[in-house]
Amino acid sequence: MFDIKFIRDHGEKFDAGLARRGVPPKAGEILGLDEEARKYTAVLNDMQSRRNAASKAIGAAKAKGDEDEFNRLKAEVDQIKTQMPTAEAEQKKKLDQIRDILSGLPNLPADDVPQGEDEAANEEVRKWGEPRKLNSAKEHFDLGEALGQMDFEAAARMSGSRFVLLKGGLARLERAIANFMLDTHTGEFGYTECQPPLLVRDDALYGTGQLPKFAEDLFKSTGDHWLIPTAEVSLTNIVREDILAEEELPLRFTAWTPCFRSEAGAAGRDTRGMIRLHQFSKVELVSITAPDQSNAEHERMTECAETVLQKLDLAYRTMVLSTGDMGFSARKTYDIEVWLPGQAQYREISSCSNCGDFQARRMNTRCRAKGEKQTTFVHTLNGSGLAVGRTLVAIMENYQNEDGSIAVPDALNPYMGGVEKIETAVD
RNA sequence: GGAGGGGUGGCAGAGUGGUCGAAUGCGGCGGUCUUGAAAACCGUUGGGCUUCACGGUCCCGGGGGUUCGAAUCCCUCCCCCUCCGCCA
């Protein structure tokens with residue numbers, strides 16, 4: 001969401017930012033509506049003023065028992081009141097139009113975001129580790145099915161496509177990965193572990209930017225709730241409608257939750273395996289910062305996510321997304337891509353975004369410096385730290401042995417109860 | 001799910017339909033006193049929009065209505081609390 005005052009003062013800059021994201025100019029239309037709305041506001045203001053004055057005088061007239069004056073004033077108010085509904089309706093119409101336009105516009109990209117139409121224009125920021133070269137590397141679904149611990153058919157029978165059933169060692173590995181990530185982020189990086197709601201209302205999704213534009217990507221309950229597509233929604237909305245003390249910022253939250261996505265429009269993409277599912281689990285990172293701290297926090301958050309991959313000894317590269325590949329609410333995004341030997345390519349495993357005050361405006365979350373009266377909108381950031389399912393995939397493909405068993409990375413040993421290798425159950 | 005009771009300024013808590021944007025207390029800020037602090041005392045202390053300013057206007061959970069006039073009456077939705085029922 002944008003500040004109408006910013007558009008009034010910097011219409012060209014606003015349109016230029018939109019243009020960077022392939023959105024046609026909107027400032028002219030918005031400011032035209034704004035001007036009309038303000039015109040009606042002024043008219044309405046004047047009518048209210050006259051009505052209030054007359055009403056006050058009526059009280060006095062009545063107290064004095066001045067019947068004539070009472071009736072004269074009453075007629076005057078009646079006259080004013082016949083005109084008010086049209087002005088009110090017009091004003092509301094214009095304001096609604098402005099709100100509808102604004103709520104559908106994506107955040108403006110930061111200046112240092114590369115220009116481009118899609119992921120082809122993303123730029124590599126850094127690279128870590130050597131992509132593992134394996135003889136006849138298998139993909140994770142072949143490995144998992146051979147182990148008898150990854151069952152897409154059973155999942156499909158109860159739930160349809162894009163679901164998976166993990167069993168035995170792989171199910172445990174998923175839990176170990178999540179615990180390891182949570183321990184790292186809470187223990188080393190100061191994030192507060194949360195167990196947030198998975199069902200949320202419209203307002204929350206509007207706050208983080210999934211609504212009103214992306215309803216088709218979400219699952220809705222039979223009631224008024226939606227399943228979260230990411231814990232970003234729950235964790236960011238913790239501070240909705242709050243005024244925070246600036247000294248207590250940044251706030252850092254993390255949570256391991258399932259995420260639910262309809263994957264509308266992804267038909268045919270990544271149909272095999274665990275890369276793209278309707279339900280997957282993810283450890284999410286969210287930071288709430290003062291406005292001047294968000295850029296530094298963005299770098300820090302990305303490093304927190306990268307650290308997990310380093311501890312797991314998984315090769316990755318970090319990309320800064322181009323204007324065409326960024327999400328709706330982001331002003332700048334880093335994607336972390338892990339090397340998958342089975343696919344012989346880098347695949348996204350984390351996405352860390354600085355949303356600036358875009359979500360804060362939608363949630364009405366502000367902060368106040370000590371002793372100050374003035375409040376300002378906070379900045380919000382979110383990142384995967386990491387996608388647990390895709391981390392499982394990465395471990396399987398990178399740690400596979402020729403016999404189809406999977407070695408457990410050292411970092412996960414404390415979480416696997418002595419299991420050092422995942423192999424076909426022998427009974 | 002049933003029956004009741006509530007949602008008011010940073011917090012607590014008043015408010016017969018007509019100078020109520022709102023008493024009072026706490027907290028905050030400024031001052032007096034003090035070597036300094038505390039205590040005490042005095043003063044001050046919501047926000048949005050609009051205006052160069054004066055001012056005007058809107059906001060007492062959200063939305064709608066009644067009225068010349070609504071924090072106050074009515075409808076509706078949301079949230080919280082108590083009791084009952086059901087339940088992981």
Side-chain angles (χ1 to χ4, degrees), chain A residues 1-9 30-100 102-103 195-207 211-212 220-226 234 237-249 251 258 357 360-378:
Chain A
M1 185 60 82
F2 297 100
D3 183 4
I4 188 83
K5 278 188 243 170
F6 172 82
I7 303 173
R8 278 179 209 147
D9 297 342
I30 292 167
L31 292 179
L33 288 165
D34 180 48
E35 205 166 306
E36 288 185 63
R38 289 164 76 181
K39 203 172 67 194
Y40 285 112
T41 302
V43 171
L44 209 52
N45 222 306
D46 177 59
M47 286 193 279
Q48 285 164 334
S49 176
R50 284 187 286 138
R51 181 201 59 190
N52 290 348
S55 290
K56 212 168 256 184
I58 286 177
K62 202 172 184 186
K64 266 193 291 180
D66 188 341
E67 199 70 16
D68 289 346
E69 181 70 354
F70 178 86
N71 288 325
R72 190 188 67 76
L73 287 165
K74 195 159 168 330
E76 187 183 325
V77 174
D78 281 337
Q79 213 273 327
I80 295 167
K81 278 179 48 171
T82 56
Q83 301 163 3
M84 284 183 64
T86 35
E88 273 170 0
E90 286 300 320
Q91 181 207 33
K92 184 172 188 305
K93 203 166 96 187
K94 303 300 173 196
L95 291 175
D96 284 350
Q97 283 176 28
I98 293 170
R99 197 204 50 223
D100 288 349
L102 288 181
S103 63
Q195 217 168 121
L198 308 178
L199 288 164
V200 297
R201 273 204 298 242
D202 301 28
D203 293 353
L205 287 156
Y206 177 84
L211 291 180
K220 194 171 193 308
S221 77
T222 52
D224 293 329
H225 292 109
W226 306 74
S234 312
N237 275 282
I238 289 172
V239 297
R240 68 175 292 114
E241 289 157 47
D242 260 348
I243 298 176
L244 305 162
E246 198 171 308
E247 315 84 77
E248 68 189 13
L249 301 178
L251 297 175
D357 66 6
R361 286 181 184 281
R362 292 174 158 245
M363 297 190 301
N364 197 22
T365 304
R366 292 151 293 164
C367 66
R368 179 164 24 217
K370 197 170 170 62
E372 293 283 314
K373 269 181 87 170
Q374 197 62 34
T375 59
T376 53
F377 289 104
V378 298

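Order of the sequence lines fixes the chain letters, A, B, ..., with proteins taken first and strands second; residue numbering starts at 1 for each chain.
Contact annotation: A:R38 reaches the phosphate of B:U51 (side-chain N/O to OP1 or OP2, under 4.0 Å). Checking the phosphate oxygens (OP1, OP2) of B:G69, no side-chain nitrogen or oxygen of A:N52 falls inside 4.0 Å. Contact between the side-chain N/O atoms of A:K74 and the OP1/OP2 oxygens of B:U67 is not found at any separation under 4.0 Å. Using a 4.0 Å cut-off, no side-chain N or O of A:K56 falls inside it from OP1 or OP2 of B:C68. One finds no side-chain N or O of A:R50 lying less than 4.0 angstrom from the OP1 or OP2 phosphate oxygen of B:C68. Using a 4.0 Å cut-off, some side-chain N or O of A:R201 falls inside it from OP1 or OP2 of B:C79.
Note that CD1 of A:I80 is 8.5 Å distant from CZ of A:R51, once rounded to the nearest 0.5 Å.
Look at the C1' atom in both B:C83 and B:A88: the space between them is 22 Å, to the nearest Å. Distance noted for atom C1' between B:C41 and B:U66: 49 Å (whole Å). Here the separation of B:C84 from B:U67, taken at their P atoms, is 44 Å to the nearest Å. Comparing the C1' positions of B:C60 and B:G55 gives a spacing of 24 Å, expressed to the nearest Å. Nucleotides B:G85 and B:C68 have their C1' atoms positioned 50 Å apart, rounded to a whole Å. Rounded to whole Å, the P atom of B:G62 lies 15 Å from the corresponding atom of B:C11. Separation of the C1' atoms belonging to B:C26 and B:C79 is 26 Å when rounded to the nearest angstrom. Using P as the reference atom, B:G4 and B:A12 are 27 Å apart when rounded to the nearest Å.
Atoms CZ (A:R8) and P (B:C49) sit 9 Å apart, rounded to a whole Å. Rounded to an integer number of Å, the gap from A:Q48 CD to B:C49 P is 16 Å. Look at OH on A:Y206: it is 18 Å from C1' on B:C78, rounded to the nearest Å. Between A:K92 atom NZ and B:C58 atom C1' there is a gap of 16 Å when expressed in whole angstrom units. A:N45 places its CG atom 7 Å from the P atom of B:C58, with the value rounded to the nearest Å. Put simply, CD on A:E241 is 14 Å from P on B:G10, counting in whole angstrom units. When rounded to the nearest whole Å, the span between CG of A:D46 and C1' of B:U51 equals 14 Å. We find that CG of A:L95 is positioned 14 Å from C1' of B:U57, with the value rounded to whole Å.
Among the protein residues, A:I58 comes within range of the nucleic acid bases, having at least one heavy atom under 4.0 Å from a base atom. Among the protein residues, A:D78 comes within range of the sugar-phosphate backbone only, with heavy atoms under 4.0 Å from sugar or phosphate atoms but none that close to a base. If you check every strand for non-hydrogen atoms under 4.0 Å, A:K39 touches nothing.
In terms of modelled atom types and a separation under 3.5 Å, the side chain of A:S234 and the main chain of A:P196 share no donor-acceptor contact.
For A:D224, the CG atom counts as loosely surrounded, since its 6.0 Å shell holds 12 or fewer non-hydrogen atoms of other residues, nucleotides or ligands. Counting heavy atoms of neighbouring residues, nucleotides and ligands inside a 6.0 Å radius, atom NZ of A:K220 exceeds 12 of them.
Here B:A88 sits opposite no nucleotide as a Watson-Crick or G-U wobble pair (both hydrogen-bonding atom distances under 3.5 Å). Figure legend. B:A38 is base-paired to no nucleotide; pairs are counted as Watson-Crick or G-U wobble with both atom distances under 3.5 Å. With a cut-off of 3.5 Å on both pairing distances, B:A14 has no Watson-Crick or G-U wobble partner at all. Across all strands shown, B:C54 has no partner, as no Watson-Crick or G-U wobble contact with both distances under 3.5 Å is found. Pair assignment for B:C29: B:G43, on the basis of Watson-Crick or G-U wobble contacts that are both within less than 3.5 Å. The nucleotide B:A71 finds no pairing partner, because no Watson-Crick or G-U wobble arrangement with both distances shorter than 3.5 Å includes it.
Nearer to the 5' terminus of RNA chain B, by closest-nucleotide assignment, is the contact made by A:S49 (compared with the other of A:A54 and A:S49).
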Check against salt bridge (Lys or Arg N to Asp or Glu O under 4.0 Å), A:D96 and A:K93: CA-CA 5 Å; A:D96 284 350; A:K93 203 166 96 187; over 6 Å; no
Stepwise salt bridge (Lys or Arg N to Asp or Glu O under 4.0 Å) test for A:K39 and A:E35: CA-CA 6 Å; A:K39 203 172 67 194; A:E35 205 166 306; over 6 Å; no
Verdict with supporting geometry, A:L73 and A:E76, side chain to side chain contact (heavy atoms under 4.5 Å, CB included): CA-CA 5 Å; A:L73 287 165; A:E76 187 183 325; 4.0 Å; yes
